[in-house]
Participant: 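Got a structure here, written out as C-alpha cells. Questions coming.
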Amino acid sequence: MQKIIQLMSEELEKAFENAGYDPRFARVVASNRPDLCEFQCNGAMAAKKTYKKAPIEIAKDVAVQLEGSDVFSKAEAVMPGFLNLDLQESWLAEYLTKMSEDPELAVQKVENPRTVIVDYGGPNVAKPLHVGHLRAAIIGECLKRMGRRLGDTVIGDVHLGDWGLQIGLIITELHERQPDLVYFDENYTGDYPEEAPFTIGDLEEIYPAASARSKEDEEYRNRALQATAELQQGRRGYHALWEQIMKLSVADLKENYRKLDVTFDLWKGESDVQKYIPDMVKKMQDDGFAYEDQGAWIVDVAEEGDAKQIPPCMLLKSDGASLYTTTDIATLLEREQIYHPDEVLYVVDKRQELHFVQVFRCARKTGIVRDETELNFLGFGTMNGKDGKPFKTREGGVMRLEELIGDINKEMYKKIVENRSVRDKDAEETAAIVGLSAIKYGDLSNQATKDYIFDVERFTSFEGNTGPYLLYTIVRIRSILERYEEAGGNAETCVLLPAEGKSEKDLMLQTARYNEALSGAYADKAPHRLCAYIYELANDVNTFYHEHRILAEEDTARQQSWIALMTLVRRVMLDAIDVLGFSAPERM
RNA sequence: GCGCCUGUAGCUCAGCGGAUAGAGCAACGGUUUCCGGUACCGUGUGUCGGAGGUUCGAUUCCUUUCAGGCGCGCCA
C-alpha cells in the first residue's frame, strides 16, 4: 500500500495543477506545529520565485481547489505561505481498515529488490564476545531485518577473525604450556585426536596471556609470527589445532549470539578466503597495480582531491604474510563471485573507517568489485559508561557480553517479581525477554554513528523512552483484547469507525505512518528513527488508553471500533519491535 | 602535523532549509466509580560552543575559530 503522505501529496498535486501551478511543489510533510494542523505543505514559498507571486496568494489558490476534498477536512493558507492541512476522519479510517486487512500492515516493499550482504559480526575466535561486539550485532541485525521486511534479500555474515597472529599466539602459548602435544611433532603423520587439548575456558585465558606477553617479549612475539606464517603455509599439526580452536569457538559464539537473538546466514571468516590471496595478489602485480616498496607489496589508493594523504593498501608484508586488508579484499572477491551483491554493508566500529576506505578503493581500482556494487561503511560509535569513558567492569576490565546480559536480566528479574501478577516460573524467562529489549532499544534508540552512554538504570526503566516501556504498552493492549474475547467478543470482526476525539485521531494518524517510518529508517540506515516512531506510537496509545475505558464503553459500534484499533496498533508494535530485533512477553 | 567525528535544557538525547527548537530523566504539583497507576496530565529551564557568510527563511548548508573524542603502511 502507498504511504498516507504519498496519497496526500497526490491529492495536493491535483490541487496545484488545477490552480495552475507546478505539482512538484505539492509535497506534504508532517506538521511541525501540531497545535495548528496535522500536515503542512511549504511548496507555495518555494514556488514564489517561479511565479513571482506572493506565497500566500499561491497557497490561497491551492486551498480553494481543496474545498470539498475527500482527503482533507481542512486546507488553510497561512502567512507567509504555509498550507495547513488536516485529514478527513473518514478517509483516515478507510486507510486504516485497508491496512488492517493487509498482512503486511501497509508496508510497501522496495521497488527493485536488491541483494545486500551485511557484515556485522567480526568476533575473534578464542576470545569471548565483549561489549565491543554488542553494537555491531544489534545494529547489523536490525538493518538486516529492516531490509528483509522491505523486500530486499539480505545475507548476514559473521565474518570471523579466525586467522592471523592471534592464532599464532595461541599456538605458541600452547606449545609453551604443553610441549609434548602431538600437534607440535613435525614428524607425526597419523591422525590427530578428536578431543581438543583445551576447553573454551582455557582458550579464553590463553589468548590474553599470550597477547600480553607478546607485547613485552620480542622473541616470543617472533615465534608467534613464525607460527602464524607456518599455519598459513599449511603445517599439519598447526592446522589441526586451528580446527580444534574453531570447533569450540564457533559453538560458543553461536550460543552467545543466540542469547541476543542475532543470527547469521554465513559463518565465513578470514580463513575461508586465504585460498584466493596468492592469485589475487599475482593478478594485481601483473596488472601493474601492486608494486614492491621496502620489501612489502602495496597498491596506491590515493585519489585526486583527497583532503589528506591516504596511505597505500598493503597486500603482503615484507615477510610475505598477508594482512587484515588483504583478507578483506579477498572477501569482497569471494562475495562478488558467489553472491553478486548489489550492496555490501559493513557495520563496524567507526574507528576503522580509513581501513575500509582503502579496501573499497583498492577493490574497485583493481576491478575486483563491479562498478555497480555499492560498498558502504556504517561506522558506529563507542559504548561508554556513565562516566563518558569506554564501558568497563567495576574492576576496570573489558566486560564480557555474558556478564552484561546477566546483570541486566538480574535487574529486570528484580523489577518483575515486585509485580505479583507474574508467576515465579515465568519470571526468569520474562526477565530475559524484557532485558533484551532494554539492551537493544537502549542502543538502537541512539544514533548509530555517535558514541552513547550505556546506562543500565535508565535502559531497564519502565518509564521514558525505553524498551520495557514499549513492551509494557504492548502487554496492556493484549490484556484488553484478551478480556474482550473472554467476555464473548470477537476482535477479528470489529469494524473501525472514523475517529471522534483528538487522542483517538492522533493514535490513528501515528498508526497509519508505520510504512513511512520503516522505509525512512531503512533508507537512512537509521534504526533510531524507527525507535522514535514506536515510542510516539506507545505514547499515543497510553494517552488514548487513559481517556477511554474501552471495555466499559456502552456504544457497541464505538467499542468495536476501538477494539479494531487496538488490534491493529498491537500488530504494528509487534511488527516494529521484531524488526528492531526483540519480542514482547505475554505478561510482565 | 594532517584528517574525520562530536558540541542543542542540570543529565541522556531528537530535531534529515521553514512558523513559538522538542522528548525522556531528575524536581515540583495534580489525576484512581482504575480495561495492569511500571500509567496519564500539568509546571520551569536554552547566548542551539563562538564569529562570519549563503538564503525570503539557518540548530540544519558553507567558511573560520574554540573545546572534546578518534584515526593516520608491515596488529586486527
Side-chain angles (χ1 to χ4, degrees), chain A residues 29 31-33 35-36 40 42 45-46 48-49 55 78-82 84 122 124 161 163-166 211 214-215 221 225 270 293-298 306-319 321 323-325 327-328 349-355 357-358 379 381-382 384 386 388-389 415-416 418-419 421 445-447 449-453 455 457-458 461-466 468-469 471-473 475-484 487 503 520 523-524 526 528-529 531-532 535-536 539 542-553 562 566 587-588:
Chain A
V29 295
S31 163
N32 53 20
R33 286 291 303 276
D35 53 320
L36 300 179
Q40 65 186 55
N42 303 329
M45 287 178 286
K48 178 186 148 187
K49 271 190 185 162
V78 179
M79 284 298 280
F82 293 104
N84 289 351
N124 291 318
W163 206 244
L165 181 60
Q166 51 175 338
S211 176
S214 76
K215 278 171 192 150
R221 182 183 156 84
L225 285 166
E270 297 172 336
D293 186 65
Q294 298 166 47
W297 283 88
I298 63 177
D306 282 344
K308 68 163 282 203
Q309 180 75 27
I310 304 280
C313 244
M314 185 173 294
L315 299 173
L316 298 179
K317 297 194 290 178
S318 44
D319 68 359
L323 293 121
Y324 182 38
T325 310
T327 305
D328 269 343
D349 191 307
K350 68 180 175 191
R351 285 173 292 197
Q352 295 194 36
E353 181 156 17
L354 179 59
H355 163 75
V357 168
Q358 292 177 291
T382 312
N384 289 327
K386 277 171 103 169
K389 292 184 196 141
K415 290 191 181 183
I416 285 166
E418 279 167 18
N419 180 341
S421 72
S445 58
N446 286 286
Q447 218 167 275
T449 51
K450 291 205 213 171
D451 294 351
Y452 81 110
I453 293 187
D455 184 340
E457 286 276 311
R458 194 159 66 81
S461 170
F462 283 69
E463 291 164 41
N465 189 6
T466 69
Y469 170 75
L471 298 190
Y472 175 70
T473 305
V475 166
R476 263 181 139 181
I477 297 175
R478 183 194 145 88
S479 180
I480 292 184
L481 296 177
E482 215 172 51
R483 280 171 187 262
Y484 180 75
S503 67
D524 290 2
H528 80 281
R529 292 190 44 193
C531 290
Y535 176 57
E536 274 172 47
N539 278 336
N542 281 316
T543 302
F544 174 80
Y545 176 96
H546 193 257
E547 282 180 18
H548 303 277
R549 277 189 284 271
I550 298 171
L551 294 181
E553 176 61 35
W562 287 344
M566 286 298 121
R587 291 170 212 295
M588 58 194 276

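Quick note: numbers below take in every heavy atom, side chains included, and nothing from hydrogens, waters or symmetry partners. Computed from a prediction, not measured in an experiment: that's the story for all the values here. So that the names make sense, note that chain A is the first sequence line, chain B the second, and so on, each numbered from 1.
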Participant: Looking at A:Asn542, I'd like to know whether one of its side-chain N or O atoms comes within less than 4.0 Å of OP1 or OP2 on B:rA39.
Facilitator: no
Participant: Base, sugar-phosphate alone, or nothing: which one does A:Arg221 contact when heavy atoms must sit under 4.0 Å apart?
Facilitator: sugar-phosphate
Participant: Pick base, sugar-phosphate or nothing for A:His355, based on heavy-atom distances below 4.0 Å to the nucleic acid.
Facilitator: nothing
Participant: Taking atom C1' in both B:rG57 and B:rG17, compute the distance separating them and give it to the nearest angstrom.
Facilitator: 8 Å
Participant: Between B:rA67 and B:rU38, how far apart are the two C1' atoms, rounded to whole Å?
Facilitator: 40 Å
Participant: Of all the nucleotides listed (B:rU31, B:rC72, B:rC34), which has the minimum atom distance to the side chain of A:Arg549?
Facilitator: B:rC34
Participant: Given B:rC75, B:rA14, B:rC35, which nucleotide is nearest the side-chain atoms of A:His528?
Facilitator: B:rA14
Participant: Strictly distance-based, threshold 3.5 Å: is any side-chain N or O of A:Gln358 a donor or acceptor partner for the main-chain N or O of A:Pro311?
Facilitator: yes
Participant: Quick test of the criterion, 5.5 Å between centres and less than 30° between planes. Is A:Tyr472 stacked on B:rG36 or not?
Facilitator: no
Participant: Contact class for A:Asn84 vs. all strands (heavy atom < 4.0 Å): base, sugar-phosphate, or nothing?
Facilitator: base
Participant: For A:Leu36, report the nucleic acid contact type (base, sugar-phosphate, nothing); a contact means any heavy atom under 4.0 Å.
Facilitator: base
Participant: Under a 4.5 Å cut-off applied to non-hydrogen side-chain atoms, are A:Tyr484 and A:Ile550 in contact?
Facilitator: no
Participant: Taking only N and O in the side chain of A:Gln447, is any of them less than 4.0 Å away from OP1 or OP2 of B:rG15?
Facilitator: yes
Participant: So, is A:Lys450 close to the B:rA14 phosphate, meaning a side-chain N or O under 4.0 Å from OP1 or OP2?
Facilitator: yes
Participant: State whether A:Ser479 places a side-chain N or O below 4.0 Å from either non-bridging phosphate oxygen (OP1 or OP2) of B:rC35.
Facilitator: no
Participant: Measuring to OP1 and OP2 of B:rU38, would you say a side-chain N or O of A:Lys415 lies under 4.0 angstrom away?
Facilitator: no
Participant: Check whether any side-chain nitrogen or oxygen of A:Arg458 sits under 4.0 Å from OP1 or OP2 of B:rA26, and answer yes or no.
Facilitator: no
Participant: Calculate the interatomic distance between A:Arg587 atom CZ and B:rC35 atom C1'; express it in whole Å.
Facilitator: 13 Å
